[in-house]
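Only heavy atoms go into these numbers, but all of them, side chains included; no hydrogens, no water, no symmetry mates.
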Amino acid sequence: ENPTNSDFLGFLGFAERRSSQKTEDFQDPVSFHWTRHHKKKRRVIWAPLFDRWIWKYKDLDQITFKFITFSKEVNHKAFKEGKHIWNYPNYFLWLHNKNKLFTLFKEEIGAIKSGVWNSDLDVNKYIPNTFNFHNETEFEDFKKNYAHIPYWMAKISNVDMGKGVRPIINASEILEEQEEDGIYYDQMQEYIHPFLLGGRKFFMRSFILQACSNPLVLLEFPGYSIRAVRDYTLDHFEDDFKNHVLKMGHLLEDPLYDPKKHQVLAITEDMIAGFQKEHGISPEEYQEKIGKPIRNMIKHLFMNLKEKYPMKYGEIHLYALDYVVDEQFTPKILEVNTGPAFPHPLNPAEWVEKYERMNHDSIDMILDIHMTRTKKEAWEYLKNYEERIPKGFNMIFNEADEKYRMWEKNLKAGKKSQEIK
């Protein structure tokens with residue numbers, strides 16, 4: 001469509017057929033990229049804000065959206081604050097790498113315990129017990145105090161899609177392997193005994209939009225859940241990878257998978273309805289026990305990042321926060337996915353509508369904030385932005401809003417008193 005706003009030259013779109021990715025099951029993936037050019041200031045949004053992949057999985061049409069960029073297009077030195085919009089912030093790897101992510105959480109625990117941060121958030125309650133084997137102190141602590149406890153997930157901290165995960169019962173076996181052959185699995189995480197729905201394990205995903213970085217504006221969009229095909233059991237734990245590490249491709253290949261019987265995907269709203277129907281947990285209780293803590297954890301996480309890195313006007317991204325719910329109905333954060341996909345069930349119409357809306361609304365917000373405004377103008381424009389965010393999004397933090405700035409000031413009040421002391 002031709003934009004009506006005379007400030008815009010319009011969209012540049014192209015399709016790329018990636019024949020190298022053909023397999024027997026995945027035929028002819030096609031990637032569509034959009035770039036928008038701004039006429040008034042000759043500003044170019046050069047990063048593809050999302051890819052739309054369409055492919056055939058056996059007889060099933062799948063559509064996946066991704067916020068993504070490519071390393072060849074990233075040039076940190078060339079980035080000029082306010083001249084570009086890009087979705088590859090400098091602190092990207094702190095969230096992508098699982099060991100770095102849990103280092104941030106542990107720093108927050110220390111800051112709150114020591115009084116440097118003034119917060120009553122129990123960060124430890126919402127993360128699994130996790131050990132970084134590159135950290136000698138943590139490695140020794142695990143060997144001495146935890147290795148005798150059964151049920152762990154050994155992980156490779158910078159590998160995605162479940163490829164670097166190994167369920168193990170006896171941790172001493174893997175420790176022997178590590179000491180003989182060198183560190184391969186560099187993170188050990190306690191296995192979370194899950195809350196069940198219909199007798200099956202599930203994990204949940206929320207999307208986090210960093211719509212602006214200076215001022216910092218974070219929004220949540222409720223995502224979806226992936227559920228196991230088989231009923232939950234600890235029998236054959238080490239061999240039952242598919243039902244403990246829930247990945248869509250593995251579940252569709254399960255011999256027991258029946259599309260008429262197994263709903264392996266569900267949007268968050270359907271999960272909330274399921275919790276109420278099966279366990280009597282109301283939507284309000286869900287928000288109090290799951291929704292609110294997740295948003296609080298994200299808010300604290302980015303406050304930590306803000307102290308480490310100056311956030312520049314023009315940096316944006318869409319993340320996915322993956323978590324499981326334990327037996328006490330408490331969320332436990334597993335990872336932040338920095339290149340999230342949006343899978344769809346066998347009848348994808350509802351999902352396509354929901355995630356197309358999320359993607360388009362996200363891009364509209366990003367362009368609306370940045371396209372014609374300087375950083376100073378953006379701060380003024382975003383003061384009451386919560387009243388204007390699209391339906392479906394929840395505000396997590398808005399640095400331009402006085403009430404959020406007061407919250408951040410109170411959070412760091414303990415730090416000033418520590419420095420004075």
Please work out whether the ring planes of [X] and [Y] are parallel, tilted or perpendicular, with thresholds of 30° and 60°.
| X | Y | answer |
| --- | --- | --- |
| His317 | Tyr319 | tilted |
| Trp407 | His300 | perpendicular |
| Phe207 | Tyr224 | tilted |

Check: Tyr404 and Glu386 side chains under 4.5 Å, non-hydrogen atoms: yes

Sub-4.5 Å side-chain heavy-atom contact between Arg405 and Glu402: yes

Derivation of the ring-ring contact (aromatic ring centres under 6.0 Å, His included) call for Phe142 and Phe139: CA-CA 5 Å; Phe142 178 80; Phe139 184 64; 7.7 Å; no

Gln187 and Asn99: side chain donor to acceptor below 3.5 Å: yes

Matching residue for Asn296 among Leu121, Ile396, Leu301 - test: side-chain contact (heavy atoms from CB on, under 4.5 Å): Leu121

Spatial distance of atom OG1 (Thr268) from atom CZ (Arg205) [nearest 0.5 Å]: 11.0 Å

Verdict with supporting geometry, Phe202 and Phe275, ring-ring contact (aromatic ring centres under 6.0 Å, His included): CA-CA 12 Å; Phe202 61 89; Phe275 295 144; 5.7 Å; yes

His370-Tyr313 aromatic ring centre distance below 6.0 Å: yes

Phe237/Tyr151 aromatic ring centres below 6.0 Å: yes

Residues Tyr146, Phe131; criterion ring-ring contact (aromatic ring centres under 6.0 Å, His included); working and verdict: CA-CA 10 Å; Tyr146 294 90; Phe131 298 87; 4.8 Å; yes

